[in-house]
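First up is the structure itself, then whatever we jot down about it.
These numbers were taken from a predicted model, which means no experiment stands behind them. Order of the sequence lines fixes the chain letters, A, B, ..., with proteins taken first and strands second; residue numbering starts at 1 for each chain.
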Amino acid sequence: MARRRAEGLPAGFYDRPVVQVAEELIGCTVSYGECSGAIVETEAYHDSEPACHAFVGLTPRTETLFGPPGRAYVYRSYGIHALLNAVCEPEGVGAAVLIRALEPIAGIEQMRARRAASGAQRLGDADLCSGPGKLTQALGIELTENGGDLRTGPIRIEPRSEGWDHPVVIGTRIGITKAVELEWRFSVAGNRNVSRPRP
DNA sequence: CATGGGATTGACT
DNA sequence: GTCAATCCCATGC
């Protein structure tokens with residue numbers, strides 16, 4: 001059997017309940033330009049709960065969220081950071097998985113250079129992509145990538161490599177003020193790239 | 001058209 | 001532990 005080529009996840013992967021997709025994205029690979037990393041932390045958001053941007057309904061901002069699954073939703077947070085999400089569930093449902101942290105795989109020196117250019121002082125490997133704002137900085141992802149197809153790029157998400165076997169920890173989402181009780185955060189147990197606070 | 005609030009990070013007490 | 005930086009956009013007048 002031919003070795004699997006690096007290619008996007010199947011088209012139907014994202015067209016499922018967002019919490020399930022969030023868990024299964026752990027271990028998958030995000031790549032952009034020369035840089036790539038394994039997803040070690042995610043959170044799910046759904047228009048049925050108030051922490052989700054799509055809770056307010058269809059607006060210019062949430063257009064991507066309500067669009068077809070498998071696209072990138074990139075938005076600016078706190079006026080400073082770009083945050084990367086994977087749109088899920090059928091078109092017409094506003095749901096997405098926030099990619100919160102990566103374990104760097106390729107392009108590490110470029111990641112370090114970009115993080116340094118953004119003013120970061122701590123630049124160990126575990127400081128490059130250990131947060132949703134950090135990883136977009138490190139990869140150089142901007143708001144212009146909003147709406148891009150995650151199967152074909154420029155931002156691409158690829159399946160887990162064979163033999164991925166790390167326990168996943170479930171917990172509550174971080175940094176939100178509404179629907180704080182939902183346990184929709186997933187992370188790789190003990191991984192140093194997971195953002196703080198660790199579950 | 002004015003206002004206010006963030007799915008964050010880094011620096012500082 | 002606290003706090004400011006800084007942009008987009010939803011909301012309300």
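- In the model, A/Tyr14 has no side-chain atom that pairs as donor or acceptor with a side-chain atom of A/Glu89 under 3.5 Å.
- Of the residues in residues 56-65 of chain A, those lying under 4.0 Å from DNA chain C by heavy-atom distance are A/Val56, A/Thr59, A/Pro60, A/Arg61.
- Aromatic ring orientation, A/His166 versus A/Trp164: perpendicular (interplanar angle above 60°, classes split at 30° and 60°).
- A donor-acceptor pair is defined here as one N or O able to donate and one able to accept, closer than 3.5 Å; no such pair exists between the side chain of A/Glu24 and the backbone of A/Val21.
- The footprint of chain A on DNA chain C, defined by a heavy-atom cutoff below 4.0 Å, extends from C/dA5 to C/dT11.
- Checking A/Gln137 against A/Arg115 by side-chain atom types alone, a donor-acceptor pair falls below 3.5 Å.
- Other residues, nucleotides and ligands place no more than 12 heavy atoms under 6.0 Å from the CZ atom of A/Arg192.
- One finds the CD atom of A/Glu23 at 8.0 Å from the OG1 atom of A/Thr42 (value rounded to the nearest 0.5 Å).
- A donor-acceptor pair under 3.5 Å links the side-chain atoms of A/Arg160 to the main chain of A/Ile26, judged by distance alone.
- Between A/Arg156 and A/Glu158 there is a salt bridge, since a side-chain N of the basic residue sits under 4.0 Å from a carboxylate O of the acidic one.
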task = Begin with the C-alpha distance, continue with both residues' side-chain angles, and end with the deciding distance and a verdict on side chain to side chain donor-acceptor pair (under 3.5 Å) for A/Thr172 and A/Glu181.
result = CA-CA 6 Å; A/Thr172 54; A/Glu181 72 285 358; over 6 Å; no
Could you go over nucleotides 10-13 of chain B and give all protein N or O partners under 3.5 Å, atom names and distances?
| from | atom 1 | to | atom 2 | distance (Å) |
| --- | --- | --- | --- | --- |
| B/dG10 | OP1 | A/Arg115 | NH1 | 3.0 |
| B/dG10 | OP1 | A/Arg115 | NH2 | 2.9 |

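- Not less than 6.0 angstrom separates the ring centroid of A/His53 from the ring centroid of A/Tyr45.
- Each of A/Leu139, A/Ile105, A/Ile108 was evaluated against A/Ser36; a single residue qualifies, A/Ile105, per the side chain to side chain contact (heavy atoms under 4.5 Å, CB included) test.
- With A/Asn146 contributing its side chain and A/Leu143 its backbone, the two residues share no donor-acceptor pair below 3.5 Å.
- Base contact: A/Leu98 has a heavy atom under 4.0 Å from a base atom.
- Along DNA chain B, the nucleotide closest to A/Ser195 and the one closest to A/Thr177 are compared, and the more 5′ of them pairs with A/Thr177.
- Here CD of A/Glu41 is found 3.5 Å from OG of A/Ser195. Values are rounded to the nearest 0.5 Å.
- Among the candidates A/Leu65, A/Val19, A/Val93, the single residue satisfying the side chain to side chain contact (heavy atoms under 4.5 Å, CB included) test with A/His46 is A/Val93.
- Helical stems of DNA chain C (runs of at least 3 Watson-Crick or G-U pairs, donor-acceptor distances under 3.5 Å) are listed by first residue: B:1-6 with C:7-12, B:8-12 with C:1-5.
- Within residues 25-50 of chain A, no residue approaches DNA chain C, by heavy-atom distance under 4.0 Å.
- For the pair A/Leu123 and A/Ala116, the tightest heavy-atom approach, listed with the atom from each and the gap, is CD1-CB, 3.7 Å.
- With P as the reference atom, C/dA4 and B/dG4 are 16 Å apart, rounded to whole Å.
- For the segment residues 75-95 of chain A, residues with any heavy atom less than 4.0 angstrom from an atom of DNA chain C are, sorted by number, A/Arg76, A/Tyr78, A/Gly79, A/Ile80.
- Contact annotation: A/Arg100 side-chain N/O to B/dT8 OP1/OP2 distance is under 4.0 Å.
- Between the side chain of A/Arg173 and the backbone N or O of A/Ala179 there is at least one donor-acceptor pair closer than 3.5 Å.
- Crowding of A/Arg76 atom CZ: a count of heavy atoms from other residues, nucleotides or ligands under 6.0 Å exceeding 12.
- By the neighbour-count criterion of 12 heavy atoms within 6.0 Å, atom CD of A/Gln20 is densely surrounded, having more than that number from other residues, nucleotides or ligands.
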